[in-house]
Amino acid sequence: AYGINSILYQRGIYPPETFTRVQKYGLTLLVTTDPELKNYLNNVVEQMKEWLYKCIVQRLVVVISSIENNEVLERWQFDIECDKAAKDESVPREKSQKAIQDEIRSVIRQITATVTFLPLLETACAFDLLIYTDKDLAVPEKWEESGPQFIANSEEVRLRSFTTTIHKVNSMVAYKKDSFP
Amino acid sequence: MEDLENNTTVFSTLRSLNNFIAQRVEGVSGLATPGSSQSSLQMQYQQRVQLEEQAGQIHSKSQLLQVEREKMQMELSHKRARIELEKAANTNARNYEREADRNQELLTRIKQYQEREMEAENKLKEQMEMNKSYKKSMETMSKKLQEKESKLAEANETITVLKGKISELQWNIMNQEMQMTSQDSQKQELMEQLEVQHKKWQEASQQIQTLQASQSLLAEYEQKIKDLEQKLSQQEHDALIVKNMKAELARFPKMERELRQLREENAYFREMKENNGLLKEEVEGLQRKLERYEKLQAQLVTLELENEKLLGKLKSWEKLDQSTGLNIRTPDDLSRQIVALQQRELVLKEQNSTITNSARILEKARQQLQEEIIRVQSQLLDEKKKREQHEALVRRLQKRVLLLTKERDGMRAILESYDSELTPSEHSPQLNRRMREAEEMVQKLHAHNAELEVQLSQVLEEVGNQKQRADMLEVEMKVLKSQECTADQSVFVTKEEVDALRLKIEELEAERSKLEGENRALEMKLEKLTLQGDYDPSKTKVLHFSMNPASLAKQQRKEEQQQLQEECERLRELVRVLEGGGSIPEKLEGVGGFQSPQEIA
């Protein structure tokens, strides 16, 4: 959720004055104060936690599209590899909280740094959260199937990954190449 | 008493015993004859034994009695001690009670004394306080007395001072009365001067009043002049304004005409703006379409190129069947042929592997056999050597035997000669000496012989070992020569197979490298697609929340668009109505009236 909030703030999807500062992972991060948005994020995150525990989630994608023409401008993709054997093991995996937080911190810093080379979002934009799951999962209430929302002419950049010994998260960003050189 | 009785019984028994023993002793001493000695002795012995037993019993009984006596004494003493203790305890208790009573009396007396002490202390304290208070009062009184005395002294001093002051004051009064009279005279003179000046002042004030009146008149006249001048300037201004107004009035109809023209132009420009906007949007849409079509064209061109390439490939493939002559019409046949070839290859490879395995096994067996041959030959050589050694030993021994027999015969002959010589002559000592010397010589010779034989045997052994080594080396040489021959023979047989296998290996390696390259290319494509967000629809599906912000934004956008379209239609209707200039409905009038003052301003 903190990564998503950072992306929303850095890309200017919502006005900066609707964000407030909190301390997490040893960094000062910005989270939204808009109640509707918070509610939406909480719903999605709760569902994600359940699915992550069952190791059903394969990918989480933040799609940024222009409101006027519904064109997808950016795609932030987080691939999740889950070690299913970890649930059955009785011995817990040895990885310190601090090490995991350091890796998460480096990923959030990298998100902030990638904003420098992404093209400007000049039109008003909205975002959507897509979750790639196993095909045989029951679709819960309030959720629906959707398309993958590809970008037609995209450049991709791979970012850092971090692992908690049970899940490994690979992050990457795809953005629409500028039409005018 | 019992004890005494017991003692008397004891003593009586002891006395009886002693008497009996004395009697028996006398009896025994009188009857000391050998005939009946034995039976009397026995009887005496038995009696003595019985007496001794009785004595022992009596002794023990006496001991018992003594112990019992002692016990009784102990008990008596114990009882006496207890009684004494009780007495002592009673006396102690009584003493204790007495002392307790005394203590209580003393305590009561102490309390009384303490109470009296407290009362005395209180009285003391009160008296002390009284004393203190009296002292304080005395001190205050003394202080007051002192103060009063001091005050009296001060008062006396002040009286003297005041008396002096009174005399001084009286002297001052005298002086002041003198001054008063002089000042009165001065006052009268000044009063006269005052009256003179008062008259003068009245005259001056009258003059001032006249002057002020004239000044006010002057000011009024000046004001009137200013007013008249202002009226003049205003009238001039008014005249100018009137002229301007006339000119403007003349311009007014022109202005109205211009106004109308400007309004028309405004409306026209607004329409043009809207049209421009619409046209720009159309242009942008068309540009995008253009770009898409251009991309499609480029894709078409590339696709055509690929098509031509594929057609060329197809033709080459179709020609293949004519060139190879393998009855190929379709790619399926080709693939089947390739599959058959590959299967043949696999079979051949398997055969090859089995052949090589059997060859290896055979080689291993041959090597093992060769090693065995070598071992056996070495063993043969060893045994040969041993046999030779044995034969040499046998020969040596036979020679020894012959030598020994010869020596024996010689010695026998010598001995016989010596024997024959001995009997006639008497040179025995010299002969003995000569014999001994001869025997010694013989022994030395034997020893020398033995040493030489030992050396001989060692030398022979060394010679035998070296012969054995030489034979082993010859055998190995023979074996190696035989190996070379066999190797040369096998090489000729399998060279052709090896060449064919090498060719196959090279072809397979080339195919493998091609497949690896294709694999890498496919992996890169996969990677790119996953980065772009591709997924396998048979295994994954994409979900999102129904109430997500993008859809909300789209809905808001739609609503805004609808609102804007409705406003647009309303404005268009207004414009049409205004252009028509017809009857304006009430709703639109307010809008039009709002617009016109804005335009004028």
Side-chain angles (χ1 to χ4, degrees), chain A residues 8 13-14 34 36-37 39-41 43-44 47 51 56-59 61 63-72 75 77 79 124-137 139-158 170 172-174 179, chain B residues 277-278 280-300 302 521-565 568:
Chain A
L8 294 176
I13 310 290
Y14 289 90
D34 181 46
E36 268 189 36
L37 181 57
N39 192 22
Y40 168 69
L41 284 175
N43 282 329
V44 174
Q47 191 58 258
W51 283 337
I56 296 172
V57 180
Q58 296 172 8
R59 234 178 241 185
V61 180
V63 175
I64 295 176
S65 51
S66 156
I67 298 178
E68 290 169 357
N69 52 8
N70 279 341
E71 201 182 352
V72 179
R75 230 170 161 270
Q77 189 165 285
D79 288 346
C125 294
F127 80 100
D128 194 4
L129 293 172
L130 306 178
I131 302 183
Y132 287 48
T133 60
D134 289 345
K135 183 129 179 118
D136 50 1
L137 174 69
V139 179
E141 204 181 290
K142 294 197 192 173
W143 289 76
E144 65 191 10
E145 278 208 41
S146 102
Q149 314 251 27
F150 294 136
I151 299 178
N153 186 20
S154 72
E155 281 279 348
E156 294 97 23
V157 176
R158 242 186 205 279
N170 296 313
M172 61 201 88
V173 63
S179 45
Chain B
L278 288 166
K280 275 183 193 169
E281 285 175 10
E282 286 182 23
V283 159
E284 281 173 12
L286 286 168
Q287 275 179 355
R288 275 181 219 151
K289 277 188 193 171
L290 234 186
E291 287 170 9
R292 268 183 256 154
Y293 287 137
E294 280 173 5
K295 282 179 200 168
L296 279 169
Q297 255 190 346
Q299 283 176 6
L300 253 177
T302 52
L522 284 167
E523 277 177 9
M524 295 277 283
K525 277 186 197 170
L526 238 187
E527 174 83 19
K528 200 179 170 196
L529 286 169
T530 51
L531 281 174
Q532 280 182 346
D534 198 4
Y535 64 99
D536 182 5
S538 61
K539 286 180 198 162
T540 55
K541 61 186 179 187
V542 184
L543 296 175
H544 70 164
F545 210 64
S546 307
M547 294 291 294
N548 70 60
S551 56
L552 287 171
K554 279 183 212 168
Q555 277 178 5
Q556 281 175 1
R557 189 124 195 131
K558 275 186 199 170
E559 284 165 16
E560 278 180 27
Q561 262 186 346
Q562 282 177 356
Q563 283 176 2
L564 283 168
Q565 277 178 354
C568 212

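It should be emphasised that the depicted structure is a prediction, and the values quoted were computed from it without experimental measurement.
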Heavy-atom proximity to chain B below 4.5 Å, by part of A:Tyr40: side chain

Chain B: which of A:Cys125, A:Pro140, A:Ala126 shares the most heavy-atom pairs with it under 4.5 Å? A:Ala126

Which bit of A:Leu129 is near chain B, if near means a heavy-atom gap under 4.5 Å: side chain, backbone, both or neither? backbone

Side chain, backbone, both or neither: which part of A:Asn70 has a non-hydrogen atom closer than 4.5 Å to chain B? side chain

Region of A:Glu36 that comes under 4.5 Å of a non-hydrogen atom in chain B: side chain

Which residues in residues 552-562 of chain B have any heavy atom closer than 4.5 Å to a heavy atom of chain A? B:Leu552, B:Ala553, B:Lys554, B:Arg557

Side chains of A:Glu144 and B:Leu543 in contact at under 4.5 Å (non-hydrogen atoms): no

On a heavy-atom basis, the closest approach of B:His544 and A:Leu130 is CB-CD2, 3.6 Å

Is the shortest side-chain N to carboxylate O distance from A:Glu71 to B:Arg288 below 4.0 Å? no

Side-chain heavy-atom pair A:Arg158, B:Glu527 within 4.5 angstrom cut-off: yes

